[in-house]
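Single-structure report; data block below.
In this chain, numbering begins with 1 at the start of the sequence shown.
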Amino acid sequence: NGMLRTITAIHDMGMVHRDIKPDNFLFSNSSKSSNNGDCLHVIDYGFCKLYRDRDGVIIPQSSTSAPVGSPAYMSGDVHMGKDVGRKDDLESMCYVLLELLDGTVPWHRMSFATRFSNDEIGSMKRGISAYDLVGNARWLGAMLEYVKLLSYESKPNYDLLRDMLS
């Protein structure tokens with residue numbers, strides 16, 4: 001829930017992180033935290049970008065010249081050159097959660113062995129069903145399937161996602 005809460009806070013500020021991966025989260029034990037002293041922090045805002053303008057209007061999605069983020073965790077749409085939206089940060093979060101559960105993600109293992117390109121990793125992500133990917137973690141399959149169905153402009157139902165994590 002801490003990871004989702006942190007990503008939601010970034011989105012609420014009108015930004016997308018664009019590089020959600022395990023290396024960009026840190027735990028601290030702080031007496032100032034409201035979570036029994038445990039606190040999750042996100043770092044490395046170098047790829048962050050506004051997705052809303054000053055009036056709160058969604059900035060139209062554009063095609064990018066090159067994918068932004070870490071190939072093992074970026075969404076399938078980003079592999080295809082689409083601009084990152086809230087849904088893509090959340091898809092990346094699902095891949096991070098999968099790695100935390102299984103120790104790795106399938107294309108991460110393969111990319112080290114064969115040096116797959118971004119396009120090949122993207123094809124693997126788009127070619128496997130959410131439920132086949134997560135195995136027994138059905139809650140994660142439901143979450144991944146939900147975020148993959150969102151459009152760039154869609155506001156994710158963060159309460160639904162929080163319930164899936166509970």
Side-chain angles (χ1 to χ4, degrees), residues 1 3-8 10-12 14-25 42 44-52 58-165:
N1 257 342
M3 189 178 295
L4 178 60
R5 197 171 29 253
T6 303
I7 293 169
T8 302
I10 293 169
H11 292 173
D12 286 348
M15 297 187 310
V16 286
H17 188 274
R18 303 194 320 162
D19 197 22
I20 300 294
K21 61 183 180 181
D23 296 356
N24 285 340
F25 288 90
V42 67
D44 193 355
Y45 289 88
F47 287 144
C48 277
K49 181 179 177 182
L50 292 174
Y51 73 87
R52 289 189 312 222
I58 303 272
I59 297 167
Q61 185 177 30
S62 62
S63 294
T64 59
S65 57
V68 175
S70 301
Y73 308 102
M74 68 176 59
S75 76
D77 284 350
V78 174
H79 280 284
M80 292 175 26
K82 294 182 180 178
D83 209 3
V84 178
R86 294 171 286 186
K87 72 177 244 44
D88 302 293
D89 274 354
L90 294 169
E91 186 174 335
S92 295
M93 180 190 75
C94 289
Y95 298 138
V96 169
L97 292 172
L98 177 61
E99 183 168 295
L100 291 172
L101 288 171
D102 285 352
T104 190
V105 287
W107 45 85
H108 203 222
R109 281 190 302 264
M110 291 182 240
S111 66
F112 284 122
T114 61
R115 301 289 182 222
F116 281 127
S117 70
N118 281 341
D119 290 339
E120 291 168 317
I121 295 170
S123 292
M124 286 181 231
K125 289 177 182 175
R126 290 186 305 278
I128 190 168
S129 81
Y131 288 102
D132 288 341
L133 180 63
V134 301
N136 291 329
R138 308 302 285 167
W139 59 271
L140 185 53
M143 180 180 288
L144 182 56
E145 192 168 270
Y146 168 75
V147 298
K148 282 183 163 191
L149 290 173
L150 294 172
S151 70
Y152 171 84
E153 297 85 8
S154 298
K155 180 178 181 181
N157 184 337
Y158 297 105
D159 291 332
L160 174 66
L161 293 170
R162 213 167 282 112
D163 288 345
M164 289 178 178
L165 285 169

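- Judged by distance alone, the side chain of Tyr146 and the main-chain N or O of Leu160 form no donor-acceptor pair under 3.5 Å.
- Under the 3.5 Å distance criterion, the side-chain polar atoms of Asp19 are left unmatched by any main-chain donor or acceptor of Asp44.
- Between Lys87 and Asp77 a salt bridge is recorded (basic side-chain N to carboxylate O distance below 4.0 Å).
- We find the CG-CD distance between Asp102 and Glu99 to be 9.5 Å, quoted to the nearest 0.5 Å.
- Atom CD1 of Ile58 and atom CG of Leu50 lie 11.0 Å apart (nearest 0.5 Å).
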Original post:
Going through the distances and angles, do Tyr95 and Glu91 end up as a side chain to side chain donor-acceptor pair (under 3.5 Å)?
Top reply: CA-CA 7 Å; Tyr95 298 138; Glu91 186 174 335; 2.6 Å; yes
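- Residues Gly141 and Ala130 come closest through the heavy atom pair O-CB, 3.5 Å.
- Contact between Pro156 and Leu161 at its shortest, heavy atoms only, is CB-CD1, 4.5 Å.
- Among all heavy-atom pairs drawn from Lys21 and Ser70, the shortest one is CD-OG, 3.0 Å.
- Within the 4.5 Å cutoff, side-chain heavy atoms of Phe25 are placed close to those of Ile20.
- Put simply, the side chain of Met124 does not reach to within 4.5 Å of the side chain of Pro106, judged on heavy atoms.
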Subject >> Residues Asp88, Met74; criterion side-chain contact (heavy atoms from CB on, under 4.5 Å); working and verdict >> reply: CA-CA 7 Å; Asp88 302 293; Met74 68 176 59; over 6 Å; no
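- In terms of heavy atoms, Leu165 sits closest to Leu97 at CD2-CD1, 4.0 Å.
- The distance from atom CG of Asp12 to atom CD1 of Ile7, rounded to the nearest 0.5 Å, is 12.0 Å.
- His79 places no side-chain N or O within 3.5 Å of a backbone atom of Ser123 that could act as its donor or acceptor partner.
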Subject >> Test log, rule side-chain contact (heavy atoms from CB on, under 4.5 Å), inputs His17 and Phe47 >> reply: CA-CA 6 Å; His17 188 274; Phe47 287 144; 6.0 Å; no
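- Of all the heavy atoms in Asp119 and Arg126, the pair that sits closest is O-NH2, 4.4 Å.
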Original post:
Given Leu4 and Met93, is the side-chain contact (heavy atoms from CB on, under 4.5 Å) satisfied, shown in steps?
Top reply: CA-CA 8 Å; Leu4 178 60; Met93 180 190 75; 4.1 Å; yes
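- With rounding to the nearest 0.5 Å, the separation of CG in Leu150 from CG in Leu90 is 7.5 Å.
- A salt bridge is defined here as a Lys NZ or Arg NE, NH1 or NH2 lying under 4.0 Å from an Asp or Glu carboxylate O, and Asp89 with Arg86 fails to meet this definition.
- For the pair Val134 and Met143, the minimum side-chain heavy-atom distance is 4.5 Å or more.
- Here the CE-OH distance, from Met15 to Tyr45, works out to 6.5 Å after rounding to the nearest 0.5 Å.
- The two residues Gly14 and Arg52 make their nearest non-hydrogen contact at N-NH2, 3.2 Å.
- Using a 4.0 Å cut-off between charged nitrogen and carboxylate oxygen, Lys49 and Asp83 count as a salt-bridge pair.
- Annotation for Asn136: atom CG does not count as buried by contact number, only 12 or fewer foreign heavy atoms lying within 6.0 Å.
- The SG atom of Cys94 sits 11.0 Å away from the CD atom of Glu145 when rounded to the nearest 0.5 Å.
- Residues Tyr73 and Asp23 have side chains not in contact (no heavy-atom distance under 4.5 Å, counting atoms from C-beta outward).
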